[in-house]
Number of protein chains: 2
Amino acid sequence: MRYAKGHKESTREKIVQAASRRFRQDGAEGVGVAALMAEAGLTHGGFYSHFESKEALLSASIEEGMTQSLDELIQLAKRYGDDVTALARAYLHPRHRDHPEKGCAAAALAPELARHSATTRAAFTARLQALFKLIEERLPATLSAAQRRERSMAIFATLMGTLQMARAVDDKGLSERILQSGIHAATALAQG
Amino acid sequence: MRYAKGHKESTREKIVQAASRRFRQDGAEGVGVAALMAEAGLTHGGFYSHFESKEALLSASIEEGMTQSLDELIQLAKRYGDDVTALARAYLHPRHRDHPEKGCAAAALAPELARHSATTRAAFTARLQALFKLIEERLPATLSAAQRRERSMAIFATLMGTLQMARAVDDKGLSERILQSGIHAATALAQG
DNA sequence: GCCATTAAATGACGATCATCATATTAGATG
DNA sequence: CATCTAATATGATGATCGTCATTTAATGGC
């Protein structure tokens with residue numbers, strides 16, 4: 001249809017946005033190509049003119065989802081005081097637990113990612129390291145760079161593991177206690 | 001065929017064992033009923049005389065897998081000194097990272113579990129609490145019971161999150177550093 | 001050694017999966 | 001306004017999904 005130039009790019013972007021939500025909500029294997037396209041307001045046919053495969057869309061979605069939730073995390077953390085405790089409070093907020101589709105892609109998909117393509121895992125690794133950096137910058141300057149780097153990894157592991165457990169357990173009270181334990185632990189790990 | 005009594009029970013057990021391996025390896029949605037039965041040396045037909053649904057098998061497999069890896073963790077930890085650091089070293093050993101099918105079911109399946117039935121999540125919750133207790137028992141007696149309980153949750157979150165990240169990243173060196181960071185963090189969180 | 005019983009195998013159900021070939025149609029270009 | 005082209009839709013591929021009805025076959029009880 002000889003659309004305005006950039007039309008296809010923007011459609012592709014819409015697909016990635018919609019897919020990144022759906023993948024986080026239902027898992028990479030929990031949603032099909034047709035449903036992903038429908039979520040973007042399209043039919044399934046044109047999919048392969050935008051992406052080489054479903055795996056390629058997953059790759060792009062991971063990048064999109066990780067970037068998006070990283071940005072949002074930064075914004076939210078600022079409101080809480082912008083230190084590691086603030087990050088933890090933002091990340092481990094019940095709203096985040098209850099809305100995986102808008103939240104951290106790592107928490108929603110980490111175990112599956114280990115089974116996916118090198119490209120997908122590379123995209124994930126790059127974004128994960130940006131996340132580490134975000135935490136590093138909020139650790140006390142009294143720590144060495146190497147110490148900050150190591151701690152940032154463990155702090156994110158704690159946040160992600162905590163969020164996943166809080167989502168998986170079948171007991172609302174326990175879920176709340178798990179979230180609290182994560183906030184306290186992240187704070188403790190951030191001490192000089 | 002009027003087999004010896006207990007034959008069917010033992011077949012059922014074999015299916016659960018095999019399924020618990022496969023679910024951890026490929027995810028709950030990554031493997032079909034036919035493949036699960038084949039893994040146990042059977043064909044798919046008899047499946048529904050053993051289980052009400054695939055979901056019911058998942059439920060039993062979570063229970064089996066969590067119990068199994070809990071027992072193994074206890075055994076391994078003993079060799080390392082039987083404190084929290086020992087648990088962390090056992091849990092975050094490269095062998096565990098490289099063999100999810102024999103390892104912790106929580107680390108392999110946590111995000112998916114949040115999307116499954118109440119029964120499955122209840123089975124998971126019960127086993128998770130046994131895991132918390134295991135850690136609690138290895139925390140210093142100088143801490144209050146409430147403190148030990150809270151810390152045990154955060155310590156397991158750290159271990160699980162660390163293992164998942166170490167599995168997902170596309171960089172062997174980074175993976176090793178992630179594992180180390182988790183061991184150090186778990187040790188730090190276990191201090192009185 | 002046959003029979004009754006029942007575990008397991010065969011095979012089929014409609015639905016959905018990822019992928020692709022072909023047809024339609026929107027809209028910028030002339 | 002008519003035309004051309006590229007973006008999307010339609011529709012089909014064979015494979016696999018979970019589930020179930022029917023058939024086969026093994027063996028303890030007689």
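Lettering of chains follows the sequences in order, A, B, ..., and the numbering in each one begins at 1. FYI, side chains are in, hydrogens and waters are out, and symmetry mates aren't considered; it's all heavy atoms of this structure.
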> Which part of the nucleic acid does S49(B) contact within heavy-atom distance under 4.0 Å: base, sugar-phosphate only, or nothing?
Replying inline: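 Contact class for S49(B): none.
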>> At 4.0 Å (heavy atoms only), tell me whether S53(A) reaches a base, stays on the sugar-phosphate, or touches nothing.
In response: sugar-phosphate
>> Parallel, tilted or perpendicular, judged at 30° and 60°: which one describes the rings of Y80(B) and H93(B)?
In response: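 Taking H93(B) first and then Y80(B), their aromatic rings sit tilted (interplane angle of 30° to 60°).
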> Going by distance alone, is a donor N or O of one side chain under 3.5 Å from an acceptor N or O of the other, for Q17(B) and E64(B)?
Replying inline: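 Present: a donor and an acceptor within the cut-off.
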> Does any donor atom in the side chain of T120(A) or E55(A) lie under 3.5 Å from an acceptor atom in the other side chain?
Replying inline: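 Their side chains do contain a donor-acceptor pair, which is all the 3.5 Å distance test asks for.
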>> Test: salt bridge (charged side-chain N to carboxylate O under 4.0 Å, His left out). Region: residues 114-140 of chain B. Which pairs qualify, not counting sequence neighbours?
In response: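 The answer is E112(A)-R115(B), E63(B)-R127(B), D82(B)-R138(B), E136(B)-R149(B).
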Is the shortest distance from a Lys or Arg side-chain nitrogen in [X] or [Y] to a carboxylate oxygen in the other one below 4.0 Å?
X       : Y      : result
E101(B) : R21(B) : no
E29(A)  : K54(A) : no
K8(A)   : E13(A) : no

Phosphate OP1/OP2 of [N]: any [X] side-chain N/O under 4.0 Å:
X      : N      : result
H44(B) : dA8(C) : no
H50(B) : dA8(C) : yes
T11(A) : dT8(D) : yes

> Nearest to the side chain of Y48(A) - dT10(C), dT19(C), dA9(D)?
Replying inline: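 The nucleotide sitting nearest to the side chain is dT19(C).
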> Where each pair must be Watson-Crick or G-U wobble with both distances under 3.5 Å, what dot-bracket representation of DNA chain C is obtained, with crossing pairs in [ ] and other-strand partners as |?
Replying inline: ||||||||||||.||||.||||||||||||
>> Could you go through T67(B) and D71(B), starting from their C-alpha distance and side-chain angles, then the distance that decides it, and tell me whether this counts as side chain to side chain contact (heavy atoms under 4.5 Å, CB included)?
In response: CA-CA 6 Å; T67(B) 304; D71(B) 289 349; 4.2 Å; yes
>> Rounded to whole Å, please give me the gap between CG in L36(A) and C1' in dC17(C).
In response: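 Checked: the CG to C1' distance equals 12 Å.
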>> Looking at every heavy atom in both M37(A) and G46(A), which two are closest together, and how far apart are they?
In response: CE-C, 4.1 Å
>> Can you work out whether G46(A) or A35(A) has the more 5'-proximal nearest nucleotide on DNA chain C?
In response: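 So the residue in question is A35(A).
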> For residues 111-124 of chain B, which residues have at least one heavy atom under 4.0 Å from DNA chain D?
Replying inline: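 Of all residues in residues 111-124 of chain B, none places a heavy atom under 4.0 Å from DNA chain D.
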